[in-house]
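The chains referred to below are lettered A, B, ... by the order of the sequence lines, with proteins before strands, and numbering in each begins at 1.
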2 protein chains.
Amino acid sequence: MGPLDTYLPYLLNRAGARIATAFSEEVRPLGATLQIWRVLAALREQDGRRMGDLSNTTSIEVSTLTRLVDNMEQKGLVARRRDAEDARAVLLHITSAGRRLAQRILPIAERYEAVALAGFNASEAETLKAALRRLYANMDGLKGS
Amino acid sequence: MGPLDTYLPYLLNRAGARIATAFSEEVRPLGATLQIWRVLAALREQDGRRMGDLSNTTSIEVSTLTRLVDNMEQKGLVARRRDAEDARAVLLHITSAGRRLAQRILPIAERYEAVALAGFNASEAETLKAALRRLYANMDGLKGS
DNA sequence: CGCATTTATTTGTAAATACAAATATAGGTT
DNA sequence: AACCTATATTTGTATTTACAAATAAATGCG
């Protein structure tokens with residue numbers, strides 16, 4: 001293998017880690033964490049999701065998610081409800097406190113998008129996003145097996 | 001903010017997480033972890049690095065790295081040596097066992113690069129990598145503050 | 001219907017991780 | 001040299017995380 005900085009997984013991790021660390025630091029004063037934000041953002045997009053669904057969209061392992069949700073529930077950010085149509089499933093709902101917190105995080109999130117993509121024109125940004133979607137899809141097969 | 005899958009940090013995390021999970025699973029039978037691989041790969045590229053340097057290149061927090069290195073040292077994969085020119089610093093060296101393990105992981109790593117970039121031509125792949133380097137550099141200011 | 005299998009979530013538990021404080025050495029100033 | 005500040009690493013400690021096992025409900029099948 002050539003130099004590390006020609007290796008895609010390395011570049012991906014490095015960029016992701018840097019954003020994650022900086023973002024985490026910024027939302028901490030709001031009493032939030034990156035993972036809390038991920039759950040809130042997912043619920044903001046579509047409320048009443050199953051744990052498994054949330055696990056997929058947030059890339060948080062289900063057993064980890066369970067305890068994160070315990071915590072968020074205690075903080076009053078979300079509420080669990082049993083799915084009436086399938087009693088195995090839990091549907092997670094965002095509360096108004098959850099929405100308020102998400103609303104406060106939103107500008108930070110938007111700023112991060114802007115800073116990360118500084119110097120990219122619209123087409124370059126879209127090319128990058130498309131590539132990341134493609135890459136994700138490419139890994140689909142190896143996902144968990 | 002629009003849909004989640006137009007949000008760059010989301011796409012980045014999602015892609016990175018998927019690669020990381022699958023890769024971890026594959027190297028586990030070899031007695032390795034993703035983090036162990038990161039350290040070995042960094043040392044393979046340049047041996048005798050300081051902890052802080054390694055922390056930067058691997059995106060592993062220094063205090064976490066210390067304990068990871070303890071573990072790797074016990075396994076005989078690396079060796080710590082005090083820097084003769086600055087006794088505060090520790091220089092980490094890969095051992096031959098470490099090299100052998102890295103050698104066994106290498107084909108897996110190369111396969112992941114290939115799978116991730118399946119369907120990308122050389123120019124698309126290079127564009128993506130350049131974008132990730134740029135993005136990383138963009139975050140430089142906010143790094144830790 | 002009763003039982004086996006699959007799916008959804010949670011719990012047990014050990015390991016990994018991060019933040020803050022502690023330790024150790026260096027370098028500069030007087 | 002004594003002292004102050006800066007840098008490098010480690011340690012204390014609480015939280016987060018992941019894997020495996022447990023629980024619970026649904027589905028299919030004899």
Handout entry: Rounded interatomic separation in angstrom, taking CG from Asn56(B) and P from dA8(D)
Key = 10 Å
Exercise for the section: Please state how far atom CZ in Arg49(A) lies from atom C1' in dT9(C), giving the value in whole angstrom units. Expected result: 17 Å
Practice task
Decide yes or no for Thr58(B) and Asn13(A): does some side-chain heavy atom of the first lie under 4.5 Å from some side-chain heavy atom of the second?
Solution key: no
Problem - Asp70(A)/Lys75(A) ion pair, N-O < 4.0 Å - result: no
Practice task
For residues Leu68(A) and Val39(A), determine if any side-chain heavy atom of one lies less than 4.5 Å from a side-chain heavy atom of the other.
Solution key: yes
Problem - Residue-phosphate contact under 4.0 Å: Thr66(A) side-chain N/O, dT9(C) OP1/OP2 - result: no
Practice task
Nearest whole angstrom, please: distance from the P of dT17(D) to the CD1 of Ile60(A).
Solution key: 7 Å
Fill in the blank from the handout: Of Ala87(A) and Arg82(B), the one whose nearest nucleotide on DNA chain D sits closer to the 5' end is Arg82(B)
Fill in the blank from the handout: Here the pair of heavy atoms bringing Trp37(A) nearest to Ala109(A) is CZ2-CB, 3.6 Å
Practice task
Considering just the side-chain nitrogens and oxygens of Gln35(B), establish if one lies under 4.0 Å of OP1 or OP2 belonging to dA15(C).
Solution key: no
Exercise for the section: Starting at atom CD of Glu61(A), determine the distance to atom P of dA8(C), rounded to an integer number of angstrom. Expected result: 15 Å
Exercise for the section: Taking only the side-chain nitrogens and oxygens of Ser63(B), find out if one of them lies under 4.0 Å from OP1 or OP2 of dC19(C). Expected result: no
Exercise for the section: Compare all side-chain heavy atoms of Leu101(A) with those of Leu40(A) and state whether any distance is below 4.5 angstrom. Expected result: yes
Practice task
Please state how far atom CG in Leu65(A) lies from atom C1' in dT17(D), giving the value in whole angstrom units.
Solution key: 12 Å
Completion exercise
From the candidates dA18(D), dT10(C), dT10(D), the one with an atom nearest any side-chain atom of Val90(A) is dT10(C)
Practice task
Kindly point out which of dT13(D), dA26(D), dT9(C) is positioned nearest to the side chain of Arg67(B)?
Solution key: dT13(D)
Exercise for the section: Specify the separation, in whole Å, of atom CE of Met51(B) and atom C1' of dT23(C). Expected result: 15 Å
Fill in the blank from the handout: Separation of dT7(D) atom P from Leu91(B) atom CG, nearest Å, is 19 Å
Exercise for the section: Take atom CD of Glu85(A) and atom C1' of dA8(C), then tell me their distance rounded to the nearest Å. Expected result: 15 Å
Problem - hbond_proxy Arg88(B) side chain to dT7(D) base (donor-acceptor, 3.5 Å cutoff) - result: yes
Practice task
Find which nucleotide of DNA chain C each of Arg80(A) and Leu68(B) is nearest to by heavy atoms, and output the residue with the more 5' nucleotide.
Solution key: Arg80(A)
Problem - Along DNA chain C (nearest heavy atom to each residue), the more 5'-positioned of Asp86(B) and Asn71(B) - result: Asn71(B)
Exercise for the section: Compare the minimum distances between each of dC19(D), dT9(C), dT11(D) and the side chain of Arg50(A), then state the nucleotide with the smallest one. Expected result: dT9(C)
